[in-house]
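Comments concern the structure below.
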Amino acid sequence: RKVNGDQVRRALEHEINPFTEQPHSAQYKEILDARKKLPVYAQMDDFYKMFTNNQIIVVVGETGSGKTTQIPQFIVYSDLPHTKGKIIACTQLRRVAAVSVAKRVADEMDVELGRHVGYSIRFENMTEPGTTLLQYMTDGMLLSEVMNDPNLERYSAIILDEAHERSLATDILMVLLKASAKKRADLKIIVMSATLDALKFQKYFSVRSNEAVPLFKVHGRTFPIEIFYTQEPEPDYVEAAIRTVLMIHRAEAPGDVLLFLTEEEEIEDVCLKIKLEADDLIDQDPDAVGPLTCIPLYSSLPPQQQQRIFDPAPPPRTKGGPLGRKIVVSTNVAETSLTVDGIVYVVDPGFSKQKVYNPRIRVESQLISPISKASAQQRAGRAGRTGPGKCFRLYTEKDFKNELEEQTHPEILKSNLSTAVLTLVKIGVKDLVRFDWMDAPAPETLMRALELLNYLAALDDEGNLTPLGCIMAEFPLDPQLAKMLIVSPEFKCSNEVLTIAAMLSVPNVWLRPNNQRREADAAKALLTIPDGDHLTMLNVYNEYVNNQHDRNWALTHYLSARALAQADNVRKQLERTMERFEMELVSLSDPVKIYQNVRQALVCGFFMQVAHKEGEKGNYLTVKDNQVVALHPSCGMDTQPEWVIFNEFVLTTRPYIRTVTEVRPEWLLEYAPTYFDLSSFLDGETKRALQRVVNKKAGKSNRDTTKDTRARTRKQ
Ligand code: ADP
Ligand code: MG
């Protein structure tokens with residue numbers, strides 16, 4: 001049954017909700033009136049025409065025109081997918097967007113979130129099989145579903161949202177969906193983008209090379225936006241941002257402000273500072289400025305707090321007094337993923353946190369980098385949604401013209417691809433180089449990914465998936481973490497390693513408020529295990545579980561109760577995956593031995609992330625890649641051991657390694673003999689140190705004929 005706009009409009013106005021069969025609520029009617037004002041709503045009939053006649057369409061429209069919230073609902077009404085037992089997926093790039101939009105759409109449809117409308121993000125599934133017909137999900141989640149359901153049979157339509165951002169998972173999904181569409185005539189694909197250069201997508205998805213799939217253009221309206229630049233470059237963008245927000249609050253007409261910053265810590269800090277300064281202004285002259293609320297927005301924020309961005313600005317303190325103002329301080333998520341109504345002023349320092357990958361030294365890190373012109377344009381656009389707006393760029397016009405790149409590079413060109421390659425091999429992709437990429441990744445990056453998976457024994461020397469690799473792909477973890485977890489039962493410490501894997505999968509659990517740094521550090525010291533940060537994580541989790549009767553335990557130890565609860569949840573889910581593969585959960589009772597075994601399991605996963613101490617200044621050199629690094633200040637070890645394994649390479653004022661644990665060189669040689677084959681090492685102190693270990697061992701085994709068989713059974 002194909003539906004047209006008239007029928008859908010009638011259904012929307014009907015007294016009874018077709019999904020719950022209950023009368024519509026008052027809130028439903030109120031929201032419906034707001035929806036009718038969205039540009040996309042007026043084009044419903046055109047949408048149905050195009051949707052009915054085509055398998056694949058590209059949709060473009062300004063941010064805020066209603067693509068993400070409305071188009072999936074149009075489709076829900078169009079072919080009643082639930083009657084065929086299939087559902088609709090709409091991908092989002094960020095967890096926070098998936099959750100927030102699902103919540104909004106559940107409200108719009110007057111259903112309970114998690115029932116007819118739900119979301120699915122890593123480690124969190126809010127859907128009800130059999131009931132859910134529209135599912136918002138991260139693109140990464142859909143990609144992991146493809147592994148076990150290559151043609152995505154359970155979906156009738158898949159909407160790839162925010163394709164313009166070219167995230168790694170979306171890029172891969174585009175290739176796979178294009179192939180699935182050929183095999184499944186009943187599968188509809190919608191590619192949505194906020195930028196207007198959609199031709200690349202239209203051409204990519206067309207069957208014949210000189211054609212293009214149809215474009216559905218949402219006629220957004222935006223109001224004029226006045227753009228201001230600074231005269232001189234700003235030496236400190238954070239300070240400049242605070243100053244600009246306060247200037248707006250003092251001098252500009254009513255209207256809310258959106259400030260773009262880069263990361264959680266910076267955002268929380270700036271919110272605090274703006275609040276203090278605004279209170280000062282009010283103390284000086286209560287009639288001069290109105291009340292101000294500062295609302296942070298970033299991915300790890302709890303859902304209830306994310307909703308606060310939609311709260312109205314605070315009312316005047318006294319009747320007739322100066323109006324209040326809402327300041328939203330956000331990461332890039334507010335650039336196109338979430339729309340906050342009522343924004344009149346945008347403050348754009350010109351930076352965001354971006355992935356960078358250097359395949360030569362195998363380092364992926366997050367760097368605060370200048371945004372592109374396209375991004376700057378999007379950001380400015382957020383000011384003109386409901387009326388004319390202003391955008392304050394905290395850089396010079398000359399820098400905008402000459403220094404910023406035109407477009408942000410697709411993520412595939414700046415990511416470590418090991419997880420992606422493992423997924424693709426698991427799906428059965430044979431030739432990664434001639435894969436139908438929209439933009440092909442650098443061959444060196446693909447090489448590095450294959451090499452890593454081969455060292456981890458996920459792929460054999462011919463590039464085929466091994467049984468181990470097959471299991472690794474099923475864990476929602478990086479390959480190294482998955483490997484470490486899978487070998488842990490052999491070391492009789494899978495309980496502990498499971499905890500560490502969970503703790504490494506959630507945001508930082510340590511709180512360090514600016515005005516209580518000393519107290520926070522002292523609390524941390526009490527829980528620290530000097531042999532390594534991984535062991536400290538294990539200890540923190542165990543203490544958290546032991547103290548669950550004490551509601552204030554986390555807070556008094558300067559720990560995030562939310563992150564710990566999340567770790568607990570992640571742990572349970574990973575445990576379920578372990579059960580599926582009949583992996584045992586075991587512990588040793590000897591506490592000394594257990595710490596040693598945990599570190600050995602760590603080596604089995606992270607042997608490519610080892611650093612060796614050089615000289616007395618506390619410098620380390622990463623093994624093979626020879627990067628000079630230092631232990632991150634957050635590191636809790638009380639000595640500087642000769643050999644360490646690290647979880648992360650971070651570049652701030654200098655290169656650091658973070659989350660570090662001491663390991664023994666014998667373990668490296670024993671558990672990763674191929675990687676630590678000394679003939680493949682450049683000459684240097686690292687090689688000499690390893691050579692000494694080899695020599696010592698050879699001398700020892702000459703004296704001692706009992707052979708260590710573990711090396712053979714547990715070879716990487
Ligand atoms: P697009 O995807 O085209 O950027 P959206 O569908 O995300 O547009 O948003 C359309 C409109 O829906 C927004 O302008 C906003 O008014 C409204 N909206 C979205 N989420 C919420 C929410 N959680 N609360 C209130 N309004 C919302
Ligand atoms: Mg959107």
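- Contact annotation: the side chain of V328 never approaches that of D256 to less than 4.5 Å [non-hydrogen atoms, C-beta and beyond].
- A donor-acceptor contact shorter than 3.5 Å links the side chain of N569 to the backbone of F123.
- Counting only N and O atoms by type, the side chains of R35 and Q73 include a donor and acceptor under 3.5 Å apart.
- Here the NZ atom belonging to K414 is positioned 11.0 Å from the CZ atom belonging to R166, to the nearest 0.5 angstrom.
- Of all heavy-atom pairs spanning D6 and D45, the tightest one is N-OD1, 4.1 Å.
- Comment: E264 does not engage K353 in a salt bridge, judged by the lack of any side-chain N to carboxylate O separation of less than 4.0 angstrom.
- A 6.0 Å sphere centred on NZ of K373 holds more than 12 heavy atoms belonging to other residues, nucleotides or ligands.
- Residues L292 and I327 form a side-chain contact, since some pair of their non-hydrogen atoms from C-beta on lies under 4.5 Å apart.
- Between the side chain of E21 and the backbone N or O of I16 there is no donor-acceptor pair closer than 3.5 Å.
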Output a table of donor-acceptor pairs, distance under 3.5 Å, between side-chain atoms of residues 58-66 and any protein atom two or more places apart or on a different chain; print 'none' if there are none.
| residue | atom | partner | partner atom | Å |
| --- | --- | --- | --- | --- |
| T63 | OG1 | Q378 | OE1 | 3.3 |
| S65 | OG | E62 | O | 2.7 |

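- For the side chain to side chain donor-acceptor pair (under 3.5 Å) with T170, the qualifying choice from D161, T138, T91, D139 is D139, the only one to do so.
- D33 and K29 are not joined by a salt bridge, as no carboxylate oxygen comes within less than 4.0 angstrom of a charged side-chain nitrogen.
- Closest heavy-atom contact between P296 and E268: CG-OE2, 3.9 Å.
- Between E162 and T336, the side chains place a donor N or O and an acceptor N or O closer than 3.5 Å (distance only, hydrogens not considered).
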Take I343 and R385 through the test side-chain contact (heavy atoms from CB on, under 4.5 Å) and record every step on the way to the result. CA-CA 7 Å; I343 299 294; R385 287 260 309 119; over 6 Å; no
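- Ring geometry for F47 against F51 counts as parallel: the plane angle stays under 30°, on a 0 to 90° scale with 60° as the upper cut.
- Checked against side-chain hydrogen bond (donor to acceptor under 3.5 Å, both in side chains), K200 has the following partners two or more places apart in sequence or in another chain: D439.
- Within the model, atoms OG1 of T132 and CG of N125 stand 8.0 Å from one another, a figure rounded to the nearest 0.5 Å.
- For E211, the CD atom counts as densely surrounded, since its 6.0 Å shell holds more than 12 non-hydrogen atoms of other residues, nucleotides or ligands.
- Of all the heavy atoms in V329 and L261, the pair that sits closest is CG1-CD1, 3.6 Å.
- Side chains of Q7 and Y48: no donor on one and acceptor on the other come within 3.5 Å.
- Note that the CD1 atom of I172 and the CG atom of L142 stand 12.0 Å from one another [nearest 0.5 Å].
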Could you go through the side-chain contact (heavy atoms from CB on, under 4.5 Å) check for V8 and F74 one step at a time? CA-CA 8 Å; V8 172; F74 290 178; 5.8 Å; no
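- At a threshold of 4.5 Å between non-hydrogen side-chain atoms, the residues D171 and E411 do not count as touching.
- Distance alone, capped at 3.5 Å, places no donor-acceptor pair between the K275 side chain and the C294 backbone.
- Using a 4.0 Å cut-off between charged nitrogen and carboxylate oxygen, R154 and D149 do not count as a salt-bridge pair.
- Put simply, the side chain of I248 reaches to within 4.5 Å of the side chain of V347, judged on heavy atoms.
- Between A198 and L215, the closest heavy-atom pair is CB-CD1, 3.7 Å.
- Surrounding NZ of K49 are at most 12 heavy atoms belonging to other residues, nucleotides or ligands under 6.0 Å away.
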Given the rule in the side-chain contact (heavy atoms from CB on, under 4.5 Å) test, do K355 and Q366 qualify, once you have shown the distances and angles that lead to the verdict? CA-CA 5 Å; K355 250 194 216 171; Q366 301 267 354; 4.1 Å; yes
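- Between R184 and E153, the closest side-chain pair of non-hydrogen atoms falls below 4.5 Å.
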Review item, side-chain donor-acceptor pairs of residues 302-321, under 3.5 Å, at least two apart:
| residue | atom | partner | partner atom | Å |
| --- | --- | --- | --- | --- |
| Q306 | NE2 | L301 | O | 2.6 |
| R317 | NH2 | P286 | O | 2.8 |
| R317 | NH2 | V289 | O | 3.0 |

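- Y28 contributes a side-chain N or O that, together with a main-chain N or O of L12, makes up a donor-acceptor pair within less than 3.5 Å.
- The structure places CZ of F205 at 6.0 Å from CD1 of I189, a figure rounded to the nearest 0.5 Å.
- Using a 4.5 Å heavy-atom cutoff, the side chains of N332 and R379 are in contact.
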K572 vs R576, side-chain contact (heavy atoms from CB on, under 4.5 Å): CA-CA, chis, key distance, verdict: CA-CA 6 Å; K572 287 201 181 81; R576 258 176 257 142; 4.2 Å; yes
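- Judged as a side-chain hydrogen bond (donor to acceptor under 3.5 Å, both in side chains), and not counting sequence neighbours, the contacts of T262 are E266.
- In this structure a side-chain-to-backbone donor-acceptor pair under 3.5 Å is present from R382 to E335.
- You'll find the ring centres of F228 and F392 inside the 6.0 Å limit.
- When side chains are defined from C-beta on, S156 counts as touching I88, because their heavy atoms get closer than 4.5 Å.
- Remark: side-chain polar atoms of Q202 are paired, donor with acceptor, to backbone N or O of V213 under 3.5 angstrom.
- H219 places no side-chain N or O within donor-acceptor distance of the main-chain N or O of P39, the cut-off being under 3.5 Å.
- Counting non-hydrogen atoms of other residues, nucleotides and ligands closer than 6.0 Å to NZ of K36 gives a total above 12.
- The distance from the OG1 atom of T423 to the CD atom of E474 is 10.0 Å, given to the nearest 0.5 Å.
- Between the side chain of Y136 and the backbone N or O of T68 there is at least one donor-acceptor pair closer than 3.5 Å.
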Report, one line per pair, each donor and acceptor closer than 3.5 Å where one atom sits in a side chain of residues 96-106; sequence neighbours left out.
| residue | atom | partner | partner atom | Å |
| --- | --- | --- | --- | --- |
| K103 | NZ | D107 | OD2 | 3.1 |
| R104 | NE | E108 | OE2 | 3.0 |

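- In this structure, the side chain of H249 does not engage the main chain of G324 through any donor-acceptor pair within 3.5 Å.
- Between N148 and K426 there is a side-chain heavy-atom pair separated by less than 4.5 Å.
- Interatomic distance, CG of L258 versus OG of S330, reported as 6.0 Å (0.5 Å rounding).
- No hydrogens or angles considered: nothing links the side chains of S167 and E165 as a donor-acceptor pair under 3.5 Å.
- Across all non-hydrogen atoms, the minimal contact from D348 to C391 is CB-SG, 4.5 Å.
- Distance alone, capped at 3.5 Å, places no donor-acceptor pair between the Q135 side chain and the T127 backbone.
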Pair up each side-chain donor or acceptor in residues 110-118 with any protein partner under 3.5 Å, not counting sequence neighbours, and list the distances.
| residue | atom | partner | partner atom | Å |
| --- | --- | --- | --- | --- |
| D110 | OD1 | S25 | OG | 2.9 |
| D110 | OD2 | S25 | N | 2.8 |
| D110 | OD2 | S25 | OG | 3.1 |
| R115 | NE | E128 | OE1 | 3.1 |
| R115 | NH2 | E128 | OE2 | 3.2 |
| H116 | NE2 | F19 | O | 3.3 |

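- No side-chain donor from either of Q22 and N17 sits under 3.5 Å from a side-chain acceptor of the other.
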